[in-house]
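Okay, so here's the structure we're looking at.
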Number of protein chains: 2
Amino acid sequence: MEYKIKSRIWIETENHILLGEGRVTLLKAIEETGSLSKAAKSIGMSYKKAWSLIDAVNRRAEKPVTTSSIGGKGGGGAILTPYGKSLVDAFETINKNCWKFLDEQISKISI
Amino acid sequence: MEYKIKSRIWIETENHILLGEGRVTLLKAIEETGSLSKAAKSIGMSYKKAWSLIDAVNRRAEKPVTTSSIGGKGGGGAILTPYGKSLVDAFETINKNCWKFLDEQISKISI
DNA sequence: AATCGTTATATTTGTACGAACATAACGCAA
DNA sequence: TTGCGTTATGTTCGTACAAATATAACGATT
């Protein structure tokens, strides 16, 4: 019985995905780097894909999840809003709880 | 707060997927129809894809999940083994429990 | 005004995956 | 022995999605 159980969770609104694992790791990278391009590079994602993901998240969310500025000192940047942080936190706690729950389930049922 | 949380689970063995939602619906269709080609058609899947999925499942599982016969009355067929049934049952109960758990989680945390 | 690093966006190129098609083998039934 | 419906497998073709490339706009700093 070396069977393992895995899961992925995501948050939807109006039948469209708002937040999944990939978007969350991107948002966390933005928080750490203060820049969308640096965040994308740090997680091995193309800038274009990162930008379109963030664009989709901000369109779907009730409030902005990131804010960005163009030009100026350092060329500009992007930061995670407090609302974005709360979303990321909620996602991660629920995700960890889900993993723990599933481990309990698989140990309960023997196959 | 019209945010919904969704999930997909799957069973792995040795870092390879053994069973996910698609494979489980295919296995259930085999149980109902007694034939791989009929099962594939009933769920709108090509025979080749269905066959390769079932092949992968049987290679990875500890014991055979389906058995098949070629030729004879009706041309042959495929059936779900008792072990296959137990795997399907385990997957579905854990999956339902996971959904319920996540609904509780999202109602607990307000975002 | 020239430079720099960034956001923002369009366009082209590549590729992985499924769809579609083709065919062999099999064993019962007529 | 011919036909049938199935399992089993290979091969070709499309297409959606990611990767790569290109370019404009922006604003502080020098």
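Fair warning: this is a prediction, and the values are worked out from it, not measured in the lab. Chain identifiers are assigned alphabetically (A, B, ...) following the order of the sequence lines, protein sequences preceding nucleic acid strands; residue numbering begins at 1 within each chain.
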Establish, with yes or no, whether the OP1 or OP2 oxygen of D:dT7 is under 4.0 angstrom from a side-chain nitrogen or oxygen of B:S69.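 No, B:S69 has no side-chain N/O under 4.0 Å of OP1/OP2 on D:dT7.
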Would you indicate, yes or no, if D:dT6 has its OP1 or OP2 atom less than 4.0 angstrom from a side-chain nitrogen or oxygen of B:S68?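 For D:dT6, neither OP1 nor OP2 has a side-chain N or O of B:S68 closer than 4.0 Å.
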For B:M45 and A:G75, find the nucleotide of DNA chain C closest to each by heavy atoms; which residue's nucleotide sits nearer the 5' end?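 Here A:G75 is the residue nearer the 5' end.
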Can you tabulate the close N/O pairs, meaning under 3.5 Å, that link protein atoms to atoms of nucleotides 22-24 of chain D?
none

Using every non-hydrogen atom in the two residues, find where B:E21 and B:S7 come nearest and quote the distance to one decimal.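 Distance-wise, the nearest heavy atoms are OE2-O, 4.1 Å.
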Pair B:K85, B:D89 - check salt bridge (charged side-chain N to carboxylate O under 4.0 Å, His left out), show working. CA-CA 6 Å; B:K85 285 184 195 177; B:D89 287 347; over 6 Å; no
Which is it for A:S37 and A:S35 under the side-chain hydrogen bond (donor to acceptor under 3.5 Å, both in side chains) test, yes or no, and what are the steps along the way? CA-CA 6 Å; A:S37 65; A:S35 149; 3.1 Å; yes
Mind running salt bridge (charged side-chain N to carboxylate O under 4.0 Å, His left out) on B:E32 and B:K38 for me, showing each step along the way? CA-CA 9 Å; B:E32 289 166 8; B:K38 282 179 190 148; over 6 Å; no
Starting from [atom2] on [N], measure out to [atom1] on [X] and report it in whole angstrom.
X     : N      : atom1 : atom2 : answer
A:L36 : D:dA25 : CG    : P     : 20 Å
B:I79 : D:dT6  : CD1   : P     : 16 Å
B:Y47 : D:dG10 : OH    : P     : 13 Å
B:L53 : D:dT9  : CG    : C1'   : 15 Å
B:K49 : D:dT9  : NZ    : P     : 19 Å

Take A:G71 and A:S46, find for each the nucleotide of DNA chain D with the closest heavy atom, and name the residue whose nucleotide sits nearer the 5' end.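 That would be A:S46.
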Both A:K73 and A:G44 contact DNA chain D. Taking the nearest nucleotide for each, which residue is further toward the 5' end?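 Upstream on the strand: A:G44.
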A:I70, nearest nucleotide to its side chain (from D:dC26, D:dT7, D:dT29):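 So the side chain of A:I70 is nearest to D:dC26.
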side-chain contact (heavy atoms from CB on, under 4.5 Å) with B:V57: which of B:L19, B:V24, B:L87?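 Only one of B:L19, B:V24, B:L87 forms a side-chain contact (heavy atoms from CB on, under 4.5 Å) with B:V57, namely B:L19.
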Verify, without hydrogens or angle tests, whether A:N58 (side chain) and A:V65 (backbone) share a donor-acceptor contact under 3.5 angstrom.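 Yes; judged by distance alone, with no hydrogens or angles, the pair exists.
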Would you find a donor on one side and an acceptor on the other, under 3.5 Å apart, between the side chain of A:T81 and the backbone of A:P64?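 Flag set: sc A:T81 to bb A:P64 pair under 3.5 Å.
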Report which part of the nucleic acid B:K38 touches: base, sugar-phosphate, or nothing (heavy-atom distance under 4.0 Å, all strands).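 Sugar-phosphate only.
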Could you check whether B:K4 pairs with A:E12 (Lys NZ or Arg NE/NH1/NH2 to Asp/Glu carboxylate O, under 4.0 Å)?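 So B:K4 does not pair with A:E12 through a salt bridge.
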Opening and closing nucleotides of DNA chain C in contact with chain A, under 4.0 Å to non-hydrogen atoms: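 In short, chain A contacts DNA chain C from C:dG5 to C:dT11.
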Applying the 4.5 Å side-chain criterion to the ILVMFWY set and letting contacts propagate, would B:F101 and B:F91 be lumped into a single cluster?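 Yes, B:F101 connects to B:F91 through the hydrophobic network.
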